[in-house]
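Numbered from 1 within each chain, the chains take letters A, B, ... in sequence-line order.
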Amino acid sequence: MNSATNSALPWFILLAPLASAAIITLFTRRWKNLSGSISVAAVGVTFVCSCLIFGKIDISAAPLNWLDVAGIFKAPIGLTIDPLSKMMLLIVSGVGSLIHIYSLGYMRDDDGKARYFAALSLFMFAMFGIVLANNFVMLFIFWELVGFTSYVLIGHWFTRDAAAEAAKKAFLTNRIGDFGFMLGILMIWTATGSIIFDDILPKMSILTSNAAFLTVAALLIFCGAAGKSAQFPLHVWLPDAMEGPTPVSALIHAATMVAAGVYMLARVAFIIQASPAALNVIAWIGAITALMAALIATQQDDIKRILAYSTLSQLGYMFTAIGLTSNEAALFHLFTHAFFKALLFLGAGSVIIMLHHEQNIWKMGGLTKRLPITFFTFAVGACALIGLPPFSGFFSKDAILALAFEHNMSIFAMALFTAVLTAFYVTRLVVVAFFGKPRGESARTAEEAPRVMTAPLIMLAILSFIAGFGFFAQNFLLVPHEKETVLLVPMLALVALALGALTAFYLYRNREFDPIDVDLLRQKFYVDEFYGWLIRATQERLARVAAFIDHWIINGGFVGGVSASARGLGSLLRYVQIGNLQAYAFLFGLGIVAIIYYAVLR
Amino acid sequence: MITALILIPLFGVVMLYLANPRNPRRIAFVTNAVSAFYALMLWQKFDVDLAKVQLIERHTWIPSIGAEYALGADGLSLLLVFLVTILFPFAFAANRMNRGFYALMLVMQSALYGVFTAQNFILFFLFYEMSLIPSFLLIKLYGGKKRDYAAVKFFLYTFLGSVAMLLGFLGIYFARSTFDFAQLVDLAKTGPLVTGRFAWFVFAGIFLGFAVKVPLFPFHTWLPDAYETAPTGVAMVLTGALSKMGVYGFIRLLVPLFPNEFRILQPWLLALVVVSILIGALVAWAQTDLKRMVAYLSINHLGYCLLGLFAIASARSTMAKIDMHAALSGVFLQIFNHGITAAALFYFVGLLEQRRGARGLNDFGGLMQRAPVLCAWMSVAMFSSLGLPGLNGFIGEFLIFKASFAVAASFTAVAVLGLLFTAVTFMRAMKSLFSGPPNPATNAIVDLRAGEKFVLVPVTLLMFVVGLNPQIVLKVFNSTVVALAAVFA
């Protein structure tokens, strides 16, 4: 690696969005359109730089010494340029560019447009920081920053209570994950004395010699990933995060930030994979999340919430793959998912804005003719999501299913059933939202979105179609190769797809309302209610008990005791209690005299 | 040199009474400007690469008890001198008061300079007490509701703490017949200063004095009342600078002088500090009064300082050098950052109270629409306080955790929960203050005025600069950290 040419390009990627955010915040926030242009220009720079870096084989960037305590304790800001980060750079900057452009249209009339673009730029900065980080401290710093920008963007429409509440919930849930993440980092740091990934690698024997320690550390790191990627039981924030503007949902809560957990686990795979127990937990959590979220998605009526639960479910697939020790499969799915899920969200955004902020799919309908480009591209995304060959999702999902088939039959069964459900809820969504007759006033008069919004849709549709093909994907990552041509797995996947899609098609064609009503799923397994109860029952009570102890027992008992004994001391201290300054001065003088007296006496 | 720094604020007091100005605040500001200039001069003369006490002034004072007039500064002293120099003008900007107020504040400033540069105990104690009188009077004369009660409580606590500390040091003096800090530290390296059961009394006395000042649970109950009732500027100084006298005492005296006691008490002290951290954050969460909320969070944040120190103190022989350095640097950074951030938070609460006439969590709502700039800047201070990376609050806490985790993993793990609770507290506050539909009662609230922005720019800038490039502050005390680590090891 030492022979690699030193380049400033990676630094440009990191600093261009930061500069954009700073310029907008400090100078141009009154000029909304200019702010938007600055932000788009910055993300354009990052995309060009990412492409340039991608083209070079050997490239490195000089690290910056961020923290240096007396030369012994150091925390650098170093940038990793390897195939993994190169691919991620392209995804983040590429999808990011398209979504920035789309945002110009989506947020055209928004009062907070400048604030929106500043936050979006700051998010890009933080996300590139995660991608490029070569050590845990830097990773953690940008990790938290991403959570912060997500908070700001979810709460963009802060006058709505729901948005403010969702932003708060997202930040705090992420903080819970980060709590574990920080402890995990501290464990590894303490054990190996190092934070830089390349330095930890040769010291792995220290970690592997204590299996229990390693497992705990690996699981704590996974805790951070689970928070950011919204895995069960920390998944509750992501559906609520849909209160943010739709481009934000597409970029942050579908394509990039929520994939950061997967990326991070792939980055530190050498630690995770040393602990079979931790891997097992990760695989199961992934499978449970995938299944649970898919079940919930079948009974949601809000177009964005359906997509949000779908994101949870697909992220679950990726974690399953990580847990089954195949980073390739996880990253392959991350790669294709970034395109088709961003596409689906942007398509949904196009529908929502053209229907004047209508998000309920039962108020839509009859949109195939009114929004032809949106419908067509949305259909491409839907095909990719359900894994219809030859759309990209088919290949990447198949890789994960084959992996599960090989390693763990029960997880495979869960993943396969999830595939049935995926086909079901996606078909339901498309049939109800686009087909049939318009069921709402706004659906009757809707018009196609402006070109600044449809152009990114078309680009993403093309990418969603081709991203799965080996000839395309292998340029960016290691495409997992099928072992001994197990034809059974793709066959089963196709059966699952047909089963789910056809059932949904017949159930939901030309319906005015949902024929199925499962309260348990509509209420998302009551997890939110449970957490609400838990918080009320424990934490807030804890706070009140602490306040009570503070106020009565210590204040009353302890202080009371002190002042009682003080009173007992007689009139001297009573003067003080009345607040008599002379008495104090007298005491103070007495103290000084006492010192001198004792000293002289000696 | 340092004497001049201590005398400048007192000179300002004299000016206040001689000139009898219509606007006493202007004289206070001019005095601060001169102090700041002098502090910068000190920095100029100070060699940051030199790992020892510099700019020493030594004169015989009371020879019979070996009390010299000895002043000097190392990196830590310098850092605290800066902190005091920054905080006082900031605090003056918060309130417009009469002449007496500024006079008392300036006396306090002078005392603080003295405390942080004194090199022997008698002088230290003199300045320590000298800061107590004005703070008591400031609360009693200029405070809000319950000021008599709060002032007396504050006084009782800190005064009893001081007396205990004085007795403790007298005990040491009788055993070792010196008050000089450097000599005491050297003596402590060769063996215990005081032996037998008497040592525990001495330790307990000094510990009590500083623990009340910081404050550490359960010696903290004077704090919420005092901070709540004190005028904004006084609360800013109380939390920003006065509480640091306690932490400073721990670093300078208690930890170097009592290695055995700390080792024996390790689990108890760590438990106490962890409780302090959690109780501070939890009780803050339960508050509906913004000022009380910020007050309780001070207990939480200063708890992190003590966590770092107790970790060092209890495991100094086994602690790796890297952890020792991390802990000390973290504690120093935390001292500085908490001073800046907590003062800023009190300032903002003061602004809200001035505008609304109330400061309950539920008295506001939808403020983002009325005063977006005020909200944005206040959010910066809040995020700094909850430890968001990129702002100043994060690094100190992170370094402390890094070090204490190596020594006491389970205690640290619980302490890290404090970060979560602070986040909950601030998230709730931000939501009910800033977002949601606008509260009609806040209609008259205006955004930040030019003058207020002028005050806030340097402080906010400092939060960003220290957060983005902590090396700037680290440079000031790096060699002091190395020297102290050598003392502790």
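Listed in order of number, the residues of residues 136-149 of chain A that approach chain B to under 4.5 Å between heavy atoms are A/Val137, A/Phe140, A/Ile141, A/Glu144, A/Leu145, A/Phe148.
In this structure the side chain of B/Met430 never reaches within 4.5 angstrom of the side chain of A/Phe171, judged on heavy atoms. Counting only heavy atoms from C-beta outward, the side chains of B/Leu420 and A/Ile176 approach each other to under 4.5 Å.
Exactly one residue among A/Ile195, A/Ile185, A/Leu186 makes a side chain to side chain contact (heavy atoms under 4.5 Å, CB included) with B/Lys402. That residue is A/Leu186.
Note that CD of B/Gln369 and CG of A/Asp111 are 10.0 Å apart. Values are rounded to the nearest 0.5 Å. Here B/Leu417 contributes atom CG and A/Phe179 contributes atom CZ; the two are 4.0 Å apart, rounded to the nearest 0.5 Å. In this structure, the separation between CD on A/Glu165 and NZ on B/Lys431 is 4.5 Å, given to the nearest 0.5 Å. Atom-to-atom distance recorded for B/Cys375:SG and A/Phe158:CZ is 8.0 Å, nearest 0.5 angstrom. Atom-to-atom distance recorded for B/Glu397:CD and A/Met182:CE is 8.0 Å, nearest 0.5 angstrom.
Between A/Leu67 and B/Pro470, the shortest heavy-atom distance links the atoms CD1-CG, 3.2 Å. The two residues B/Pro437 and A/Asp161 come nearest to each other via the heavy atoms CD-OD2, 3.9 Å. Contact between B/Phe405 and A/Thr190 at its shortest, heavy atoms only, is CD2-OG1, 3.4 Å. Here the closest heavy-atom approach between residue A/Arg175 and residue B/Gly387 is recorded as NH2-O, 3.3 Å.
At distances below 3.5 Å, at least one donor-acceptor pair connects side-chain atoms of A/Trp66 with backbone N or O atoms of B/Leu468.
By number of non-hydrogen pairs under 4.5 angstrom with chain A, the leading residue of B/Ala413, B/Gly390, B/Ala485, B/Gly366 is B/Ala413. The greatest number of non-hydrogen atom pairs below 4.5 Å with chain A, out of B/Phe398, B/Phe434, B/Phe477, B/Phe169, is found for B/Phe398.
Contacts of B/Leu474 with chain A are made by side-chain atoms alone, with heavy-atom separations under 4.5 Å and no backbone atom involved.
Counting heavy atoms of neighbouring residues, nucleotides and ligands inside a 6.0 Å radius, atom CZ of B/Phe464 does not exceed 12 of them.
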